[in-house]
Amino acid sequence: AGKAVSDIVRTTLGPRSMLKMLLDPMGGIVMTNDGNSILREVDVSHPAAKSMIELSRAQEEEVGDGTTSVIILAGEYLVAAEPLLERQVHPTVICNGYLKALDDAMAALKEMAVPLDLNDSEKLCSLVQSCTGTKFISRFSQLMVDLALDAVKTVHIEDGGRQEIDIKRYAKIEKIPGGDVEDSRVLKGVMLNKDVTHGKMKRQIHNPRVMLLDCTLEYKKGESQTNIEITDEKAWEELLRQEEEHIQQLCDEIIAHKPDVVVTEKGVSDLAQHYLMKANISVLRRARKTDNNRIARATGATIVHRTAELQEKDIGTRCGLFEVKKIGDEYFSWFVDCVEPKACTILLRGASKDVLNEIERNLGDAMNVVRTIYQDPRVVPGGGAAEMTLAHKLIEGSKRQEPKIAGAYKAAGTALEVIPRTLLENCGADIIRVQTQLRAKHAGGANPTWGIDGEKGVLADMSELGVWEPVA
């Protein structure tokens, strides 16, 4: 079963990989070659296959890229274990051999890894390119690489030696169908799919003072249903007056701090709109919590839960321009030109929804690769070179292992050769011949940077092609 899963994604590895078209349960079409996205859509009932899918998900969470390779490797390891099992080797023994091989492989990787200078943007670009090159967006590769690098540099915070790069929360990808892919860019700030609540409010404000709330600007409604019995007319007027006063008080508390833009996560009643409009304040209502957090990061504002607790320091002043623009047929609010924003929005344009979704997935992978590098700045050669070197080391090393686990240890080595082999398969090259040439190249531990040029299906030196991968 594991093998079946790995065969599904096998053709999606490498630069000459194919996109898969999947029907998702809703009847929509997903076009992708991201191993994880494919396996997410596959319904499996076999436990072993299930765990393979979990594996790709873990890889997606941790490293972001390489989901396909992980599955192919795992499938190959299972295949390699089969003949051993038929020879009545106990599974524990096979596992021991594999684990021993793992330790040695990790040690060998540490030796191979080349440290990377994070300020050397060319090297970083070539690294991310080796991630995006195998994907659908390889045509706009340079553009996507710049987007990914920009976005991650923006959200990257160093906090007393601890690095925090939270792409999921603070780098939002907004997809707007229409326009050219070349129009995509990283905004120095945040964009929401919202319009101001009242037509007469200002649509463009330079250096706005931004206030973020997450309380309602309406009269308080009871938690449970309440009925009020009113006997005379005066009491009814009194009730309405109290509601109005309550709202007026809320608005006065807000106006006292002279904000230009108020963003709240809840509703804003008509009356409150009226008061705030008189004070020349633009209001956005019902913003998503996540969007609010991003605006907070970008403008330096604090989200306040009750208007009575507003303070001067809660107001964000780092935003350069607030404006509402119409793109296509929707209105979008932009908080842009922020000073050192710590959150950003990546604006993607493209021809159709499918294209946009695929670009979003690939961009996510690219950003994750950048994040991985920031956290562990070491690289190894790509294109199956690292795998081949390890395979060779392990097969050599198996002669020195205890005879009991030697078979499994060697199988672990041979399984690693599947990556270069699959790359060759997808190029339609002469697999056996080139694979043997590559093995000869790596013999005796020489030429550790030689791998397969996935475009042409010939041997090539990865350090010249500039194909590198993060150690993780």
Side-chain angles (χ1 to χ4, degrees), residues 190 192-325 331-335:
V190 191
L192 318 174
N193 187 341
K194 289 266 178 266
D195 187 9
V196 286
T197 48
H198 194 291
K200 292 205 175 94
M201 291 177 175
K202 286 202 219 160
R203 294 283 172 91
Q204 190 175 21
I205 304 175
H206 288 279
N207 298 334
R209 292 161 58 87
V210 183
M211 177 186 288
L212 304 177
L213 303 171
D214 81 347
C215 54
T216 54
L217 300 181
E218 326 178 41
Y219 55 89
K220 292 264 193 301
K221 295 189 181 73
E223 288 293 315
S224 53
Q225 206 173 357
T226 41
N227 292 332
I228 305 177
E229 281 192 16
I230 293 173
T231 42
D232 61 346
E233 214 165 292
K234 294 233 169 51
W236 174 241
E237 285 169 6
E238 178 66 15
L239 194 71
L240 291 179
R241 201 177 53 79
Q242 280 178 5
E243 284 182 0
E244 285 182 18
E245 272 180 4
H246 177 72
I247 292 178
Q248 190 166 5
Q249 189 195 345
L250 285 181
C251 293
D252 288 344
E253 283 167 357
I254 293 176
I255 293 166
H257 288 277
K258 301 197 189 57
D260 299 306
V261 182
V262 173
V263 181
T264 172
E265 292 172 27
K266 309 279 195 318
V268 177
S269 68
D270 297 346
L271 193 62
Q273 285 179 31
H274 167 77
Y275 284 127
L276 293 173
M277 191 190 83
K278 268 182 158 165
N280 249 337
I281 298 174
S282 301
V283 184
L284 299 174
R285 64 174 165 190
R286 302 214 162 85
R288 288 208 284 294
K289 181 110 189 118
T290 49
D291 287 338
N292 226 358
N293 286 340
R294 270 192 294 280
I295 301 177
R297 285 277 290 258
T299 59
T302 326
I303 298 177
V304 182
H305 301 284
R306 275 176 50 200
T307 48
E309 293 167 0
L310 280 167
Q311 290 168 350
E312 179 54 38
K313 69 175 200 303
D314 296 332
I315 292 191
T317 50
R318 295 210 307 246
C319 174
L321 173 64
F322 162 77
E323 65 176 328
V324 178
K325 270 201 226 152
Y331 285 98
F332 290 93
S333 302
W334 309 65
F335 293 84

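Here SG of Cys251 is found 11.5 Å from CD of Glu244. Values are rounded to the nearest 0.5 Å. From Ile303, atom CD1 reaches atom CD of Glu265 across 5.5 Å, with rounding to the nearest 0.5 Å. The line from CD1 of Ile315 to NE2 of His257 is 6.0 Å long, rounded to the nearest 0.5 Å. Taken to the nearest 0.5 Å, the CG atom of Asp260 stands 9.0 Å off from the CG atom of Asn207. Separating the CG atom in Leu213 from the CD atom in Glu253 is a distance of 10.5 Å, to the nearest 0.5 Å.
At distances below 3.5 Å, at least one donor-acceptor pair connects side-chain atoms of Arg209 with backbone N or O atoms of Lys258.
Between Ala287 and Val263, the closest heavy-atom pair is CB-CG1, 3.7 Å. For Val210 against Ala301, the heavy-atom pair with the smallest separation is O-CB, 3.8 Å. For Pro208 against Val261, the heavy-atom pair with the smallest separation is CB-CG2, 3.9 Å. Nearest heavy atoms, Ile255 versus Tyr275: CD1-O, 4.1 Å.
Side-chain atoms of Glu323 and Ile205, non-hydrogen and from C-beta on, never get closer than 4.5 Å to each other. Between Ile281 and Pro259 there is a side-chain heavy-atom pair separated by less than 4.5 Å. Side-chain contact between Lys325 and Trp334 is present, with at least one heavy-atom pair separated by less than 4.5 Å. Looking at heavy atoms from C-beta onward, Thr302 lies out of side-chain contact with Leu212 at the 4.5 angstrom threshold. Looking at Phe322 and Leu284, their side chains come closer than 4.5 Å, going by heavy atoms from C-beta outward. In this structure, Glu245 and Arg241 have side chains that are in contact, with non-hydrogen atoms separated by less than 4.5 Å. With a 4.5 Å cut-off on side-chain heavy atoms, Glu243 and Ile247 do not count as touching.
By the 4.0 Å N-to-carboxylate-O rule, Lys234 lies too far from Glu237 to be salt-bridged with it.
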Problem set entry | Trace of the side chain to side chain contact (heavy atoms under 4.5 Å, CB included) decision for Leu321 with Gln204 | CA-CA 7 Å; Leu321 173 64; Gln204 190 175 21; 4.0 Å; yes
